[in-house]
Amino acid sequence: MNYWLVKSEPQKYPISRFEEDGSTIWDGVRNYQARNNLQAMRLGDLCLYYHSNEGREIVGLARVVKEAFQDPTTSEDAWVVVELAFEELFPRPFGLAEMKAHPVLSKMELIRQSRLSVVPVRTEEFDLVIRLTHPEEN
DNA sequence: GCCAACGTTGGC
DNA sequence: GCCAACGTTGGC
């Protein structure tokens, strides 16, 4: 199982809407590196859901339910989408500032490659984020 | 609103 | 193939 982080601007597609929709096609990616990450996603992989711009925090979790296929919003065959299903709204969000202040999480690709909309997440990082956003289960 | 980082484009 | 100009993203 691989882990990822996907970004969405909350004014465009907040996690609240994702939750209502149940699932969505992750379209509009027009960056080759992000595209490569989409293509590397496998069925069942989990994606942290990050609100960029406003919020700047990890707010929940999505699951890959369909692997990469042609992006229907463009005729250019270079671009793909995956289908993501809503998995969870975290009991507590995890802010970018907290990540930057953390010895392990400050090394996340999200921070190193701040402009990429789809980035890989290491298992250790994923586990930490889950633990830190679920305080009552510690 | 500004700016840094980075990708893309196009002239040479 | 290099590099300057420009556009986009996103943090601050």
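Below, chains carry the letters A, B, ... as their sequence lines are ordered, and counting in each starts from 1.
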*Rounded to the nearest angstrom, tell me the gap between atom CD1 in A/I111 and atom C1' in B/dC6.*
17 Å
_Of the listed nucleotides (C/dG10, C/dG11, B/dA5), which one gets closest to any side-chain atom of A/L96?_
C/dG11
*In whole angstrom, what separates A/H51's NE2 from C/dT9's P?*
17 Å
*From the list C/dG10, C/dC12, B/dG7, which nucleotide is the closest neighbour of the side chain of A/S52?*
C/dG10
_A/R30 CZ - C/dG10 P separation (whole Å)_ = 14 Å
*Can you tell me if the side-chain N/O atoms of A/Y32 get under 4.0 Å from OP1 or OP2 in B/dC6?*
no
*Nearest listed nucleotide, side chain of A/Q113, among B/dC6, C/dG10, C/dG11*: B/dC6
*Only one of A/V82, A/L38, A/D27 passes side-chain contact (heavy atoms from CB on, under 4.5 Å) with A/D71; say which it is.*
A/D27
*Take the protein atom CD of A/E54 and the nucleotide atom P of C/dG10, then report the distance between them rounded to whole Å.*
13 Å
*Just how far, in rounded Å, is C1' of C/dG11 from CZ of A/R112?*
17 Å
*Quickly work out the A/N31 CG to B/dT9 P distance and round it to whole Å.*
12 Å
*Check whether the side chains of A/E125 and A/H102 place a donor and an acceptor atom closer than 3.5 Å, and report yes or no.*
no
*No-hydrogen, no-angle side-chain donor-acceptor test under 3.5 Å, A/S23 and A/E83*: yes
*asked:* Measuring to OP1 and OP2 of C/dT9, would you say a side-chain N or O of A/K12 lies under 4.0 angstrom away?
replied: no
*Using a distance-only test with no angle check, is there a side-chain donor-acceptor pair under 3.5 angstrom linking A/R30 and A/T73?*
yes
*Round to a whole Å and report the spacing from CG of A/L5 to P of C/dT9.*
17 Å
*Once you round it to whole Å, what is the distance between P of C/dT9 and CD of A/Q33?*
15 Å
